[in-house]
Number of protein chains: 2
Amino acid sequence: MSEKITIYDIAKKLNITAATVSRALNNNPKIKESTRELVLETAASMNYKQNKLALALKSGRSNNIGVIVPRIDSNFFASVIRGIEEELYPHGYQVIICQTHENPKRESENLYTLIDAQVDGILMSVSGVNNENDSAFRNVLEKNVPLIFFDRSKHIEGVSSVTINDFKGGYIATKQLINQGCKNIAHLSGDQSLEIFKNRFLGYKQALIDNGIEFNEKYVIQSKSSVEAGKEAIDILLELETPPDAIFSSSDFAALGAIQELKERNINIPDDFCVAGFSNEPFTKFMEMSITSVDQSPLEMGRMSARVFLEQVDKTDTIKIEKKVVLAPELHIRKSSTRTTS
Amino acid sequence: MSEKITIYDIAKKLNITAATVSRALNNNPKIKESTRELVLETAASMNYKQNKLALALKSGRSNNIGVIVPRIDSNFFASVIRGIEEELYPHGYQVIICQTHENPKRESENLYTLIDAQVDGILMSVSGVNNENDSAFRNVLEKNVPLIFFDRSKHIEGVSSVTINDFKGGYIATKQLINQGCKNIAHLSGDQSLEIFKNRFLGYKQALIDNGIEFNEKYVIQSKSSVEAGKEAIDILLELETPPDAIFSSSDFAALGAIQELKERNINIPDDFCVAGFSNEPFTKFMEMSITSVDQSPLEMGRMSARVFLEQVDKTDTIKIEKKVVLAPELHIRKSSTRTTS
DNA sequence: CTGTTAGCGCTTTCAT
DNA sequence: ATGAAAGCGCTAACAG
């Protein structure tokens, strides 16, 4: 039932003024050492706790930062958030989570809500590229709240981002399939209006070209990031005149679905069909038929995003630093694309 | 570069007082309809946004709730958080995330930090049972901030919790192994000072007893929730005079490790050795040797915790409602414990 | 129906 | 080195 102790309470007790208490508590240089100690002691004895809300109102800074992700229950986003939280914790920032469920309307709402809540910064992965919510982004920028994109970015002048080199990710995964001797490599792509998927696709295409393999449009299937979508893709691909002998999937889940469907059809992986995925979800490593996948170092991405935010905050708003950090993807080669016969 | 618009700005413009503006904005009944409309219009035209920090200071409510979990990058906790966020979003609450990394000291810190930040409630899964941080919990209770435990709970009078029936979970998993004809069933347990692990163990034990199987202490191995720990457990168990022919593991990761090690030793699963895990991590379903596991319905657990919080908040603090919600575990029977031969 | 006033808890000029 | 007073933006009790 402890009542709230304010600086007034401790001022009264010491027959001094609240201003002095405030100064003592904030290590203001022009305060007598003896009073400072006295204040500190009584503050401790009275179990005083600073009221952050008052501080926030006064200063206009909430010490909260907002993180917007499509959903939190995916290993990738959860790991990014973990990285963000770990990096920001020592700096006294709290992390507020918002999910869009891939819904741009929800994304706008979240942006407005976070601004309303006076967050000191927003770190986000965009859910879709549409122009509906441009005003929401404009709103953030007008308020001069640092905005940082991670993974799924959007081109906005003056906005920093932390991404991986998706082009390279697509390239190295495809190259590895080529190295295994695969000739007809299909690609399961996500929504190509999102840069990450566009770039993975472009990397895939470039790898083919660089290795003298003709690009075949029919081999590119746009599909969701789900096991089911992967199965369906196989259904379609195997109907083609020349069915593919490998798949590079932008999604581990779709890659898994593909593998399941291929097994169903008694097609031998990896000897007759190689598969590579993207994201390095935990299960890719756990499977008996472990899945080759491109790692995006989500923890590092989160940490880096947080660091970029920390650099940005406190900077006088006259200097707009646009920082584009691009992390290197790392290919984890596993059974699904490691042929025993050479 | 939009400056902050306050109710004073819009009051000045209309030659009325801020109080009237406030009332109009808050749909106070005793306000002339015409003025209300006028205020609303000009507010909109001036792009007025309520300052939540001022509101928070005034009301003492931040509209934030804190969630403390050991770590966020596990499917279980991420899903719980998802559930919490979804349930609380329509009520205007923001979710602040804290991770303890299973460190009780960090847990205390998080509790203090959240209270400092004036959260309106704390939902948490405890990281370990130790009495070091009792004062942190006491602090929360003294401040009359609703505290709700989920999954990993702690016995504190007046504190509500949402858990699953771990005893039953352990029981039904073990029973299923017995039904498969397993006679010597081992158990990989977590830290039994945590109730969840204690109860899963007790359920396991009871299932043995109820089915006339003698409980053997040597079959119980305390291990971490990791693949490595599962492998090590097999090393130990197979050295026993009478090695077991099944494992019920409190962790899916350890179950996976066990399976990997058994395969390594060419022991046939499930015909010669059955395995069941706990948590229903996504990978258990994805494996070719899919793993039987107990589902904890994390999404529902999160939603329920949020609902319990909503019931609790706003209640006059004279009435302390202690609510214990216990969800039913659900066994997902998969290949790892489904013998083909009967 | 609306204005006046005070106050949430803290920081920060301006005096002294 | 300390006090007095104003103000961050909002709400609510009290008047009228």
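Below, chain A is the first sequence line, B the second, and so on; all start at residue 1.
For the pair A:Gln118 and D:dG9, the criterion of a side-chain N or O lying under 4.0 Å from OP1 or OP2 is not met. Using a 4.0 Å cut-off, some side-chain N or O of B:Thr20 falls inside it from OP1 or OP2 of C:dG3. Between A:Tyr8 and the phosphate of C:dT11, there is no side-chain N or O to OP1/OP2 separation shorter than 4.0 Å. OP1 or OP2 of D:dC10 has not a single side-chain nitrogen or oxygen of B:Ser22 nearer than 4.0 Å.
Using a 4.0 Å heavy-atom distance criterion, A:Leu57 is classed as a base contact. Across all strands, B:Leu55 comes closer than 4.0 Å only to sugar-phosphate atoms, never to a base (heavy-atom distances).
The number of heavy-atom neighbours closer than 6.0 Å to NZ of B:Lys13, taken from other residues, nucleotides and ligands shown, is 12 or below.
Partners of B:Asp73 according to the salt bridge (Lys or Arg N to Asp or Glu O under 4.0 Å) rule, which considers only residues two or more places apart in sequence or in another chain, are A:Arg82. For A:Lys32, there are no salt bridge (Lys or Arg N to Asp or Glu O under 4.0 Å) partners two or more places apart in sequence or in a different chain.
Scanning residues 26-44 of chain B for heavy-atom distances under 4.0 Å to DNA chain D yields B:Asn26. The stretch residues 10-18 of chain A touches DNA chain D through A:Asn15, A:Ile16, A:Thr17, each having a heavy atom under 4.0 angstrom from the strand.
Axis angle across the helix from C:dC1-D:dG16 to C:dT16-D:dA1, with five pairs used at each end and values rounded to 10°: 40°.
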Restricting both atoms to N or O, compile the protein contacts to nucleotides 14-16 of chain C shorter than 3.5 Å, with distance only.
none

